[in-house]
Structure formats: structure tokens, C-alpha cells
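Structure first, commentary second.
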Amino acid sequence: QVQLVESGGGLVQAGGSLRLSCQASGRAFGGNAMGWFRQAPGKEREVVAAINWAGSKTYYADSVKGRFTISRHNAQNTLYLQMNSLKPEDTAVHYCAASTYPSLQIPSWAYTYWGQGTQVTVAS
């Protein structure tokens, strides 16, 4: 079992930055691929970024490429999402997720454990 707790969301002006953190506890974190997802009102949950167990491979949705950076610190059981040049369309609840697989995973069905989400609101 893995417990995930996100933090770092909030209200920011367009063009600003936020850094989301996801603290994992429970079973070993270092062996799990991790991902960030988001869900805006009236829309389906979508992948934002993903990372393999070692942090050596990453994936980004086209909408966030060049603006967001996913990283992990396995010794501290923490996943990060640095979000720069934020846009109003980035407004959503952002979720941290952990897979039982070590390799890079993209679809939401590949993830078993989910956090409760943190709200990111970008004002125009």
C-alpha cells in the first residue's frame, strides 16, 4: 500500500510558477513509476507528466512541454512538478499517482495509488 499526499497548489497569476510536491509513505517508493494528472471541471482526467522509477525517463503532455518539469527524490520519497509560465487553461485539480510498475507509465489505468489532489488556479 502507498499513501500519497500532494501539496503546493494555490492561486497564481498567468505567467507565474508553482511547485507541486507529493509525499509518499507506505511501501517502497523508489521502485514505482510515478505520474501527475489533472482534472478540470467538466473534463476527463488527463496525464500531465510521468517518470520512471529511476528518474531517467520522463513524459510530458504536449500542452505542458517546455513549461513543466517532473522530478523525484527517492531517498525522500517525494515527487515534484515544477510548473512555469502557467496559463489559465492549467487550472485544475492536480493528482499524484503511483504505479506498481517501475517503467514509465502514461495511461491512468496503469496507476494503482492516487492522492487526494491539490487545486491549481491560474488567473488571467
Side-chain angles (χ1 to χ4, degrees):
Q1 193 77 1
V2 176
Q3 292 79 42
L4 304 171
V5 179
E6 303 96 336
S7 61
L11 173 64
V12 64
Q13 292 293 317
S17 298
L18 286 174
R19 188 174 84 153
L20 304 184
S21 298
C22 174
Q23 183 68 49
S25 60
R27 58 173 286 181
F29 168 83
N32 301 76
M34 302 290 295
W36 287 100
F37 291 76
R38 68 187 182 188
Q39 187 167 19
K43 295 187 177 181
E44 293 187 355
R45 186 173 298 188
E46 61 177 359
V47 62
V48 175
I51 190 167
N52 70 337
W53 71 276
S56 57
K57 295 183 178 180
T58 58
Y59 166 86
Y60 296 96
D62 288 343
S63 58
V64 306
K65 277 181 184 176
R67 300 189 297 122
F68 290 11
T69 303
I70 188 172
S71 61
R72 64 190 297 162
H73 194 307
N74 286 346
Q76 296 182 351
N77 287 357
T78 307
L79 177 73
Y80 300 101
L81 184 68
Q82 178 66 45
M83 305 186 295
N84 299 329
S85 302
L86 282 161
K87 303 175 180 180
E89 49 264 44
D90 294 317
T91 295
V93 178
H94 285 65
Y95 298 91
C96 167
S99 174
T100 57
Y101 302 102
S103 57
L104 185 67
Q105 303 294 327
I106 298 172
S108 60
W109 55 258
Y111 290 84
T112 303
Y113 306 104
W114 294 82
Q116 82 289 350
T118 185
Q119 177 70 46
V120 171
T121 302
V122 184
S124 58

So how far is it from [X] [atom1] to [Y] [atom2], rounded to the nearest 0.5 Å?
X      : Y      : atom1 : atom2 : result
Met34  : Ile51  : CE    : CD1   : 9.5 Å
Ser25  : Gln1   : OG    : CD    : 9.5 Å
Thr100 : Gln105 : OG1   : CD    : 8.0 Å
Arg72  : Leu79  : CZ    : CG    : 6.5 Å
His94  : Gln119 : NE2   : CD    : 9.0 Å
Cys96  : Tyr80  : SG    : OH    : 11.5 Å

Measure across [X] and [Y] and return the closest heavy-atom pair with its distance rounded to 0.1 Å.
X      : Y      : answer
Gly35  : Tyr111 : N-CE2, 3.5 Å
Ala33  : Ser103 : CB-O, 3.1 Å
Ala24  : Val2   : CB-CG1, 4.3 Å
Ser124 : Pro88  : CB-CG, 3.8 Å
Glu6   : Gly115 : OE2-CA, 3.2 Å
Tyr60  : Ile70  : OH-N, 2.9 Å

Donor-acceptor contact below 3.5 Å, side chain [X] vs main chain [Y]:
X     : Y      : result
Thr69 : Gln82  : no
Asn74 : Trp53  : yes
Thr91 : Val122 : yes
Gln23 : Gln76  : yes

Side chains of [X] and [Y]: closer than 4.5 Å at any heavy-atom pair?
X      : Y     : answer
Met83  : Arg67 : no
Ser63  : Arg38 : yes
Tyr95  : Leu20 : no
Tyr101 : Asn52 : no

| query | Can Lys87 and Asp90 be counted as an ion pair, charged N to O under 4.0 angstrom? | reply | no

| request: Step through it carefully: locate the ring centre of Trp114, locate the ring centre of Phe37, and say whether they are under 6.0 Å apart. | output: yes

| field | Result of checking Thr118, Val120, Leu11 against Leu18 for side chain to side chain contact (heavy atoms under 4.5 Å, CB included) | value | Val120

| request: Report the C-alpha distance between Ser99 and Asn32 in whole Å, list the side-chain angles of each, state the deciding distance to 0.1 Å, and finish with yes or no for side-chain hydrogen bond (donor to acceptor under 3.5 Å, both in side chains). | output: CA-CA 6 Å; Ser99 174; Asn32 301 76; over 6 Å; no

| Exceeds 12 heavy-atom contacts within 6.0 angstrom, atom OH of Tyr59 | yes

| Shared ILVMFWY cluster between Leu4 and Val93, side chains joined below 4.5 angstrom? | no

